Amino acid sequence: MIIVRVFERKFLEMDKLLYTGKAKEMWQTADPDVLRVVYLDQATALNGKRKEHFAGKGKAANAISSLVFRYLMDHGVATHFIKKLSANEDLVKKCQMFPLEFVTRNVVAGHFATRYGLKEGAVLANPVEETFFKSDDLDDPFINESATVALKIASHQDLMQMWNICRKVNDLLRPLFAKAGMQLVDFKLEFGRLSNGEIVLADEFSPDNCRLWDTATNHHMDKDVYRRKIADLTQTYDEVLARLQAVIKEGN
Ligand code: ADP
Ligand code: UDP
């Protein structure tokens, strides 16, 4: 076992850093279709303008995301996830990413509240679906379907397929988080295309890109504790992980 680990490590040393993002590094492995993702111990707000180090955050975010992606795959959602390599590393299928962020909202919060002058907290009559063009330089502007198609970012069919997956994810995760004592307020998903043309759910699902409120107290259990300076980020993520582990049997 130890020999295999050392051998694997030697291979990892040959990986090439492709991209350093706000929360993760993406490394090219020897297999052109496989990337190694490293979850970093850092959090950012205001599109990277505010940045801080949090020991243990990468490990917690990776553990949550791996658990959620496995759960989604077990329930028929195609994703990029291959396996967890270590506490803060995964192997994923390399994608050509759509530069889009798909936001689903179940409850009024964040920019949806400020944009329309609403108080946070009302449950929406139906999930609200919004797409943003992923660009740090432009501050991720809102983009509608005709602009997305006209700019050849994605076809109408691609968008329909990705929104269908978003709906399925919401239908699966809303009750799962509810069971774990958390309200799934909103979340952001990203998608990519594999070398065989298939569209899959990619990136991550962690409290970095969703809002979770404690069902009993309405306390924030996501990156808003950092954005709004409410509580310790790593402790909060560890609590989310513990609650999810209690309702999902790992490896199932
Ligand atoms: P950001 O780019 O927003 O700062 P991250 O730090 O999370 O975000 O960086 C991860 C980057 O890797 C994102 O740009 C994301 O779109 C991209 N990505 C996620 N999954 C894959 C994948 N399977 N293949 C290629 N790129 C991916
Ligand atoms: N979100 C994200 N990345 C972004 C913008 C938003 O992951 O670049 C997530 C955010 O964590 C929340 C949801 O998308 O769960 C809706 O975010 P909102 O538009 O309200 O913006 P925010 O207030 O988070 O800036």
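Read the numbers this way: they start at 1 and go in the same order the structure lists the ligands and their atoms. From a predicted model like this one, the values you see are computed outputs, not experimental measurements.
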Inset, instruction - Of the side chain and backbone of R227, name the one, both, or neither that has a heavy atom under 4.0 Å from an atom of ligand 2. - result: side chain
Legend entry - Options K223, E190, K22, K188, ranked by nearest heavy atom to atom 14 (O) of ligand 2, top entry: K188
Inset, instruction - For this output row, return yes or no: ring centroids of F132 and F102 closer than 6.0 angstrom. - result: no
Legend entry - Validation row, ring centre F205 to ring centre F69 under 6.0 Å: no
Inset, instruction - Would you kindly specify which portion of V103 sits under 4.0 Å from ligand 2, judged on non-hydrogen atoms: side chain, backbone, both or neither? - result: side chain
Legend entry - Atoms in ligand 2 with a heavy atom of E101 nearer than 4.0 Å: 3 (N), 4 (C), 5 (C), 8 (O)
Inset, instruction - Would you mind running through ligand 2 and noting each atom that sits below 4.0 Å from a heavy atom of N209? - result: 7 (O), 9 (C), 11 (O), 15 (O)
Inset, instruction - Give the residue, atom name and distance (to 0.1 Å) of the protein heavy atom nearest atom 19 (O) of ligand 2. - result: R105 NH2, 2.7 Å
Legend entry - Per-ligand residue contacts, ligand 1, heavy-atom threshold under 4.0 Å: Y19, G21, K22, A23, K24, M26, L35, H80, V92, K93, K94, C95, M97, K134, E190, A202, D203
Inset, instruction - Check whether the ring centres of W213 and H219 lie less than 6.0 Å apart, and answer yes or no. - result: no
Legend entry - Proximal atoms of ligand 2 relative to D208 (non-hydrogen, under 4.0 Å): 7 (O), 11 (O)
Legend entry - Region of D222 engaging ligand 2 - heavy atom pairs below 4.0 Å: neither
Legend entry - Atoms of ligand 2 close to D186 [distance to a heavy atom under 4.0 angstrom, numbered from 1]: 12 (C), 13 (C), 15 (O), 16 (C)
Inset, instruction - For atom 16 (C) of ligand 2, state which one of R115, K134, E130, R211 supplies the nearest heavy atom. - result: R211
Inset, instruction - Please confirm whether the backbone N or O of Y39 pairs with a side-chain atom of N88, one donor and one acceptor, at under 3.5 Å? - result: yes
Legend entry - Atoms of ligand 2, numbered as shown, that sit under 4.0 Å from any heavy atom of C210: 11 (O), 15 (O)
